[in-house]
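Reviewing the structure listed below.
Quick caveat, the model's predicted, so the values are computed rather than measured.
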Amino acid sequence: SPGTLYHYRVTSRDAAQNLTVSPDATFTTLASTPPKLIIMQPANNASIVGTSIAVSYTTTGSLAEVHHVHFRLDTNPEVMDMSFDGSYQFSSVPAGSHVLNGYLVRADHSKIAGSDAGAVSFTTSVPDTVPPAVSITSPTNGANVSGQVTVTADASDNVGVGGVQFLLDG
């Protein structure tokens with residue numbers, strides 16, 4: 001039993017039936033540590049591109065009472081990971097800021113006090129699938145030029161332009 005002091009002695013007998021008994025000795029079992037959920041992924045303050053959130057978790061402490069995990073994403077209803085296998089997947093998560101909470105529960109879904117994981121905050125964004133637009137504004141296509149030439153272009157994107165590069169003859 002956790003947190004219990006035990007007394008013990010050892011006896012030894014030889015072939016001639018001589019008996020020896022050790023002095024009384026003791027040991028104490030460690031107190032049971034309560035279970036705790038630890039969310040490993042997503043990392044706190046992570047930026048995730050996409051609408052699926054892969055959650056990975058582990059536990060510490062005594063799992064004697066633990067049956068499964070409950071998660072809450074933002075203010076949505078709680079979801080259960082009945083497999084208790086260390087992973088859970090949220091889908092169709094909208095772009096924006098989110099907070100994930102979780103805790104361990106018994107088979108009757110009652111919360112195990114103190115088993116809460118710390119809140120994990122993260123943001124999601126929709127993947128940028130639209131390529132940028134670019135057009136050369138000067139010199140115009142087919143123009144005859146000589147000497148020093150200034151090349152200008154306009155670039156735009158639905159999310160943001162990461163850079164513009166000019167190439168001459170490839």
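Heavy atoms only, all atoms of each residue included: P127 and V49 are closest at CA-CG1, 3.5 Å. Contact record, D157 with P131: OD1-C, 3.6 Å, taken as the closest heavy-atom pair. T28 and G3 make their closest contact through CG2-C, 4.5 Å (heavy atoms, listed as atom of the first residue, atom of the second, distance). For the residue pair A153 and T137, the shortest heavy atom distance occurs at N-OG1, 3.7 Å. Here the shortest heavy-atom pairing between T33 and G61 reads OG1-CA, 3.2 Å. The two residues V145 and P139 come nearest to each other via the heavy atoms CG1-CB, 4.0 Å.
Separating the OG atom in S52 from the CZ atom in F90 is a distance of 11.5 Å, to the nearest 0.5 Å. With values rounded to the nearest 0.5 angstrom, T20 atom OG1 is found 13.0 Å from R9 atom CZ. Between the CG atom of D14 and the CG atom of L19 there is a distance of 9.0 Å, given to the nearest 0.5 Å. Summarising the geometry, atom NE2 belonging to H70 is positioned 5.0 Å from atom CE belonging to M80; distances are rounded to the nearest 0.5 Å. Interatomic distance, CD1 of I38 versus OH of Y57, reported as 12.5 Å (0.5 Å rounding).
In this structure D108 satisfies the side-chain hydrogen bond (donor to acceptor under 3.5 Å, both in side chains) test together with S110, sequence neighbours excluded.
Here the side chain of S121 pairs no donor or acceptor atom with the backbone of V99 at under 3.5 angstrom. Counting only distance, with no hydrogens or angles, the side chain of N141 and the backbone of A143 share no donor-acceptor pair below 3.5 Å. Although no hydrogens or angles enter the test, the distance criterion places no donor-acceptor pair under 3.5 Å between the side chain of T26 and the main chain of H7. Under a 3.5 Å cut-off, the side chain of S115 and the backbone N or O of L37 do not form any donor-acceptor pair. A donor-acceptor contact shorter than 3.5 Å is absent between the side chain of S138 and the backbone of T152. Judged by distance alone, the side chain of S22 and the main-chain N or O of V10 form a donor-acceptor pair under 3.5 Å. Side-chain N or O atoms of R106 include one that pairs as donor or acceptor with a backbone N or O of K111 at under 3.5 Å.
Annotation: side chain of H109 is not in contact with side chain of H67 (no heavy-atom distance under 4.5 Å). Between I53 and I48 there is a side-chain heavy-atom pair separated by less than 4.5 Å. Between L100 and V55 there is a side-chain heavy-atom pair separated by less than 4.5 Å.
Linking Ile, Leu, Val, Met, Phe, Trp and Tyr whenever their side-chain heavy atoms come within less than 4.5 Å puts V79 and L73 in one cluster. In terms of hydrophobic clustering, with Ile, Leu, Val, Met, Phe, Trp and Tyr side chains grouped at heavy-atom distances under 4.5 Å, I112 and L63 are assigned to a common cluster. Under the 4.5 Å side-chain heavy-atom criterion for ILVMFWY residues, a single connected hydrophobic cluster contains both V161 and F166. Transitive grouping of hydrophobic side chains (ILVMFWY, heavy atoms separated by less than 4.5 Å) brings Y88 and V69 into a common cluster. The hydrophobic cluster containing V120 also contains L104, counting ILVMFWY residues as joined when their side-chain heavy atoms lie under 4.5 angstrom apart, directly or transitively.
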From CA spacing to verdict: side-chain contact (heavy atoms from CB on, under 4.5 Å), T51, S92: CA-CA 5 Å; T51 60; S92 302; 5.5 Å; no

Audit row: M40, T58, side-chain contact (heavy atoms from CB on, under 4.5 Å) steps and yes/no: CA-CA 7 Å; M40 299 176 350; T58 189; 3.5 Å; yes

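Around atom CD1 of I136, no more than 12 heavy atoms belonging to other residues, nucleotides or ligands sit under 6.0 Å away. At most 12 non-hydrogen atoms from other residues, nucleotides or ligands lie less than 6.0 angstrom from CD of Q148.
Using modelled atom types and a 3.5 Å distance limit, the side chains of D81 and H68 yield no donor-acceptor pair. In this model, a donor atom of one side chain and an acceptor atom of the other lie less than 3.5 Å apart for H98 and T124.
Centroid-to-centroid, the aromatic rings of F71 and Y103 stay 6.0 Å apart or farther. Between Y8 and Y6, the distance from one ring center to the other does not fall under 6.0 angstrom.
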